[in-house]
Every structure is written in C-alpha cells, then in structure tokens.
Protein chains: 2
Amino acid sequence: MELHEPELRDVPVTAVLAALADDVRLGIVRTLAEGGEYACGTFEFGVSKATRSHHLKVLREAGLTRTRVAGTSRFVRLRREELDRLYPGLLDAVLAAPAPASAG
Amino acid sequence: MELHEPELRDVPVTAVLAALADDVRLGIVRTLAEGGEYACGTFEFGVSKATRSHHLKVLREAGLTRTRVAGTSRFVRLRREELDRLYPGLLDAVLAAPAPASAG
DNA sequence: GAGCTTGTTCGACGAAAGTCGAACAAGCGT
DNA sequence: ACGCTTGTTCGACTTTCGTCGAACAAGCTC
C-alpha cells in the first residue's frame, strides 16, 4: 500500500495549521515530539481506532508525520527537522502551550 | 457595545491555530502584520461584508486582534506583542510561509 | 430627520470535519 | 487453516464552518 506523504513545502500552511488545530491530533503530536517511533495503537485519547486512524491520516497528509510499515503495525514519527526548517519556531511554540487534558 | 477580547492565555492553542487555518483570515493577519490599524472595510478578499465581519470576529475571539471603535468604523490591529510573548516564533513562522493568492 | 456609510446580526444553506460501528485487509502464531 | 492482532476503509450521522442576502444598529453629514 502506498502511503501518501507529501513534501512539506507542497502543503499549504493553512493545512498544516488545521492539522494541528485539533485536541486529539495535537495530543498525538505532543507524544511524537518526545522522539522516536510510536505504533498507531499507542495513542489512546478516548476515540475509537477508526477515528485515531483518521487523525493519523490527516497528520500524515499534512506532511507532519512519516509512517513506517512493519508487519501489521505502523510506526509513526514526527517530521521535526523538516518542520523546523520550513516553519522555524512553530512547533516549539505550539508544544510550549499548555495541554488541555491528559496528553500521553 | 461590548467587544469580546479574551486574554490570549485563556484561549486554547487549538483555537488560535484554527483561527489562522483559513485563507481569508490568514490574509487579514498578513495585512495586519504590516503594522498599524486597519478599518474592517480595508479587507477585500472576495467575500461579502457579512463573511468578513464573521472572520474578524473569529480572529478577535481567538485573542489575535484588538478592535477600537471610532464612529461607524472599527479599527483592527494585531496583538503581536502578546502573541510573540505567549507563542514565540509562531506568527513569524506562519507569516514567512508563501501566501496562496493576492493577499493585500 | 433623511439619507448615506460602516459594520453586525440573523436565519439559511451547502460543504467539510469528527465520530462511530462494521466490514475488510494483511501479517503473525500456533 | 484458523484465530488473533493491528490498522484501514466504508457508510452514516452529527456538528461545525464558511458563505450569503437581508435586516438591523449606530454614527455622520447635510
């Protein structure tokens, strides 16, 4: 299966912002920002796995994450370097903001 | 009339991001970022005045703008200092991104 | 006050987004 | 092959969002 992972510069900045403008997705990004890879099932934010899959797709198609397929699992990681290069300070500023609820 | 202008720290970061995640509103912010005050009628982005008023309300209630009433006009300005203090780098990063169309 | 300008508010409408359960696909173990 | 795990995709539903025209409010000028 082909995973759609666009170049970050091809994604409108409004799409990047929209991807971050959701509590569930921002929670995922906060977790990813700690570094390393996370299987999709890692993220439990009180939503069904269908919804979780949807949010991960939004993040991926906004150019924010990279996904590696391994068996039945998919490992997601944040494209932090590219993000910091194209939008220096954006991610840090967003992550520095207080989280609304249990984000882990 | 009371204008609702919340403290920026009381606005969830997702609301700030959502406010910026729209082409019309980002166009307004780009204009405001040049400094000074702008009457609401300044912003012509191919939308009706009802829609323009709506977007300005979204920006104001997200804590991004400050509005001064003067006669029949309302002058809007960006709350840049507060924004840069609470989310350092965010606005610069967003504004540095290429604009999608004529944003003036 | 009449008329004009500026901007907001009120439905209404269509489009988009978030959510879910159910079905499906693919890999791993035994 | 069978069952289990992991994750995606498919409707469907609800809510939110962007948009507009029309009506309204407030202030200015004559």
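Separating the CZ atom of Arg74(B) from the C1' atom of dG27(D) is a distance of 11 Å, rounded to the nearest angstrom. Here the P atom of nucleotide dC20(D) and the NZ atom of Lys57(B) are 17 Å apart, to the nearest Å. Here dA12(D) presents its C1' atom at 15 Å from NE2 of His54(A), a figure rounded to the nearest Å. Following rounding to the nearest Å, Leu20(A) (CG) and dA17(C) (P) show an atom-to-atom distance of 15 Å. The interatomic distance linking Leu59(A) (CG) with dG18(C) (C1') rounds to 14 Å, in whole Å. Look at OH on Tyr38(A): it is 15 Å from P on dG7(D), rounded to the nearest Å. Atoms NZ (Lys49(B)) and C1' (dA26(D)) sit 13 Å apart, rounded to a whole Å. Rounded to whole Å, the distance from CG on Asp22(B) to C1' on dA15(C) is 13 Å.
Closest contact between the side chain of Val47(A) and the listed nucleotides dT19(C), dT19(D), dT9(D) involves dT19(C). Taking the side chain of Ala50(B) as heavy atoms from C-beta on, and the options dC20(C), dT9(C), dG7(D), the nearest nucleotide is dT9(C). Residue Cys40(B) has its side chain nearest to dG7(C) when only dA22(D), dT19(C), dG7(C) are considered.
Using a 4.0 Å heavy-atom criterion, one finds that His55(A) contacts the sugar-phosphate atoms exclusively. As judged by a 4.0 angstrom heavy-atom cut-off over every strand, Ala39(A) is placed among residues touching the sugar-phosphate backbone only. Among the protein residues, Ser73(A) comes within range of the sugar-phosphate backbone only, with heavy atoms under 4.0 Å from sugar or phosphate atoms but none that close to a base.
Contact check on Asp23(A) versus Arg30(A) returns no salt bridge, with no Lys/Arg side-chain nitrogen under 4.0 Å from an Asp/Glu carboxylate oxygen.
Ranked by how close their nearest DNA chain C nucleotide is to the 5' end, Gly41(B) and Gly71(A) are led by Gly41(B). With the nearest nucleotide of DNA chain C identified for both Ala70(A) and Gly46(A), Gly46(A) has the one nearer the 5' end.
At the phosphate of dC20(C), OP1 or OP2 sits under 4.0 Å from a side-chain N or O atom of Ser48(A). Using a 4.0 Å cut-off, some side-chain N or O of Arg25(B) falls inside it from OP1 or OP2 of dG18(D). In terms of phosphate contacts, Thr72(A) brings no side-chain nitrogen or oxygen within less than 4.0 Å of OP1 or OP2 of dG27(C).
The hydrophobic clustering, which links ILVMFWY residues whose side-chain heavy atoms are closer than 4.5 Å, places Val58(B) and Val13(A) apart. In the hydrophobic clustering of ILVMFWY residues, with side-chain heavy atoms under 4.5 Å counting as a link, Ile28(A) and Phe75(A) come out apart.
Using modelled atom types, no side-chain atom of Arg74(A) and backbone atom of Thr67(A) make a donor-acceptor pair closer than 3.5 Å.
Contact annotation: the side chain of Val11(A) never approaches that of Leu64(A) to less than 4.5 Å [non-hydrogen atoms, C-beta and beyond].
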